[in-house]
There are 2 protein chains.
Amino acid sequence: MAETRSEQLARALEDDICAGRALPGARLDEQVLAQRFGTSRTPVREALKMLAAQGFVEIRPRQGAVVVGLDVRQVLELFEIMAVLEGLCARLAARRMTPAERAELTSVHAECQRLAAAGDPDVYYAMNTRFHEVIYAGSHNRQLEEETRRVRNRLSPYRRNQLHQLGRVAKSVQEHDDVVRALLEGDAERAETLMRRHIGIQGDSLSDFVSNMSMPHHVAAPQPSLAGAITRPTIVR
Amino acid sequence: MAETRSEQLARALEDDICAGRALPGARLDEQVLAQRFGTSRTPVREALKMLAAQGFVEIRPRQGAVVVGLDVRQVLELFEIMAVLEGLCARLAARRMTPAERAELTSVHAECQRLAAAGDPDVYYAMNTRFHEVIYAGSHNRQLEEETRRVRNRLSPYRRNQLHQLGRVAKSVQEHDDVVRALLEGDAERAETLMRRHIGIQGDSLSDFVSNMSMPHHVAAPQPSLAGAITRPTIVR
DNA sequence: ACTGGCTGTCTTGCATGCACGAAAACCGAT
DNA sequence: ATCGGTTTTCGTGCATGCAAGACAGCCAGT
């Protein structure tokens with residue numbers, strides 16, 4: 001297998017963050033983590049450094065690591081990036097997807113529609129993620145795939161509840177439908193535009209989102225310097 | 001100052017890589033680096049982990065770290081990303097740049113023109129970088145700014161000689177001119193399109209570049225597993 | 001009571017030590 | 001001489017130890 005502990009830890013911690021088990025602002029204590037994972041502090045530290053380099057945690061020298069808390073502005077900034085990245089994925093996918101991939105897309109999209117009708121936003125959320133993943137892969141651009149996924153993951157603590165907006169699921173699946181059509185027709189330009197709109201500011205999902213957010217759960221860092229001020233009791237799990 | 005050694009090291013190493021002092025494929029020996037920087041291996045390791053997380057180096061467990069060597073395909077992939085990111089910068093900058101920033105842009109652009117006429121590609125290269133930086137900043141989107149710079153840095157080992165192409169400097173500055181015009185007119189759409197073209201595949205800079213490249217200097221990793229096969233003598237400086 | 005400084009405690013940052021694994025060096029056999 | 005297997009060597013991965021810095025609590029002074 002040949003995977004080092006620090007990598008395992010990094011993945012585990014990133015997962016905790018993305019899944020919302022470690023909330024923004026939560027303190028990540030080296031010793032506690034070391035103990036939880038049954039290692040020494042060293043690999044924990046290395047994992048934290050990696051996550052810091054990717055923007056998932058913030059390490060303030062001599063003050064420890066906390067899960068990054070993004071304020072509204074920063075979230076919007078990331079959405080702007082997300083829109084063009086996903087847009088590019090769609091553009092490239094329209095040109096490059098293999099027949100098998102197109103079939104996969106169609107099938108996942110159908111599943112999305114089914115689950116949307118079913119009505120559970122959380123279940124839909126999972127399939128929605130798969131839908132987008134299929135398009136990332138369809139771009140046949142690994143770097144882009146990784147980059148896009150990374151930004152997506154950074155946002156994930158904040159989008160969790162997005163689909164709980166009334167009617168948002170229906171709208172999402174409708175937008176997917178338009179994207180799929182463009183993709184299958186090979187209309188790269190339109191696919192990109194539609195995807196951008198789906199993710200980006202132009203869709204009203206975002207403004208809903210913002211108004212809902214203004215401090216996502218309870219924590220957050222309006223000023224970076226305040227991020228750690230609210231030192232909550234190291235929950236993480 | 002409050003900056004940890006591992007951060008300093010990370011910046012120093014990233015700089016070595018971007019500046020071409022550490023070539024793709026070069027082995028980064030922990031002990032050697034530790035000695036050079038007068039520390040123990042620990043902060044060196046942490047720095048390497050950070051760089052690995054950002055895609056600058058690759059750490060193969062138990063086999064040490066090497067500067068990432070991108071093959072042609074991967075470079076093209078990154079250019080595709082670069083194009084949309086810089087395009088977004090331009091789009092946003094067209095709308096958001098302050099008068100002061102617009103003045104700065106104009107002035108840097110003028111300087112570019114002057115240096116282009118002067119004829120030294122390397123001097124122009126530096127000013128060209130500043131030009132793009134002004135636009136990153138003009139986007140008023142910090143996340144985007146960082147992200148774009150990061151991708152740019154990852155590519156930098158490969159673009160160094162790009163401008164040595166005959167006539168490339170003149171073309172570059174001409175494209176800048178078009179971008180600047182769109183920016184100053186506040187034409188976001190056009191600014192984005194032009195910038196995309198400037199960076200991306202549509203400009204012929206890239207195909208020139210590719211034909212010139214096919215293994216940038218001597219090293220490279222067509223197959224990831226081969227990356228370190230060519231273990232060159234740990235130059236780095 | 002509130003502010004400012006001091007001290008103690010605790011966590012981080014870095015150094016060092018040790019063991020496992022991989023590559024290189026070696027060696028005998030064909 | 002080349003090849004397969006062994007041994008040796010060396011570098012990495014992780015554990016541990018130690019010192020400096022940050023925060024909390026305490027105390028004195030206003």
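We name chains A, B, ... by the order of the sequence lines, and we start the count at 1 in each one.
Nearest-nucleotide positions on DNA chain D place Q31(B) closer to the 5' end than the other of S6(A) and Q31(B). Positionally, the nearest nucleotide of DNA chain D for E30(B) lies more toward the 5' end than for the other of E30(B) and T42(A).
Among dG13(D), dC14(D), dC14(C), the nucleotide with an atom closest to any side-chain atom of P61(B) is dG13(D). Out of dC23(D), dG13(D), dT16(C), the shortest distance to the side chain of I59(B) is found at dG13(D). Closest contact between the side chain of R41(B) and the listed nucleotides dG21(D), dC14(C), dG13(D) involves dG13(D). For D29(A), the side-chain atoms get nearest to dT11(C) when compared with the rest of dT12(D), dA22(D), dT11(C). Taking only side-chain atoms of T4(A), from C-beta outward, the nucleotide of dT16(C), dC14(D), dA15(D) with the closest atom is dC14(D). Distance from the side chain of R27(B) is smallest to dT12(D) among dC14(C), dT12(C), dT12(D).
Computed from coordinates, the R62(B) CZ to dG21(C) P distance equals 6 Å when rounded to whole Å. The distance between atom CZ of R60(A) and atom P of dA22(D), rounded to the nearest whole Å, is 13 Å. With rounding to whole Å, Q35(B) atom CD is found 15 Å from dC10(D) atom C1'. Distance K49(A) NZ to dC14(D) P: 17 Å, rounded to the nearest Å.
Ring geometry, H198(B) versus H132(B): the interplanar angle falls under 30°, so the pair is classed parallel (tilted spans 30 to 60°).
When the side-chain nitrogen and oxygen atoms of R45(A) are compared with OP1 and OP2 of dT12(C), none of them lie within a distance under 4.0 Å. Regarding contacts with the backbone of dA23(C), a side-chain N or O of Q63(B) is found under 4.0 angstrom from either OP1 or OP2.
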For this session: Please lay out, stage by stage, how L105(A) and F131(A) fare under the test side chain to side chain contact (heavy atoms under 4.5 Å, CB included).
Result: CA-CA 7 Å; L105(A) 177 69; F131(A) 176 81; 3.6 Å; yes
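Rounding to the nearest 0.5 Å places CG of L144(A) at 7.5 Å from CD of E80(B). Atom CZ of R36(A) and atom CG of D16(A) lie 7.0 Å apart (nearest 0.5 Å).
Using a 4.0 Å cut-off between charged nitrogen and carboxylate oxygen, R149(A) and E86(A) do not count as a salt-bridge pair.
Within 4.0 Å (heavy atoms only), R5(A) reaches sugar-phosphate atoms of the nucleic acid but no base atom.
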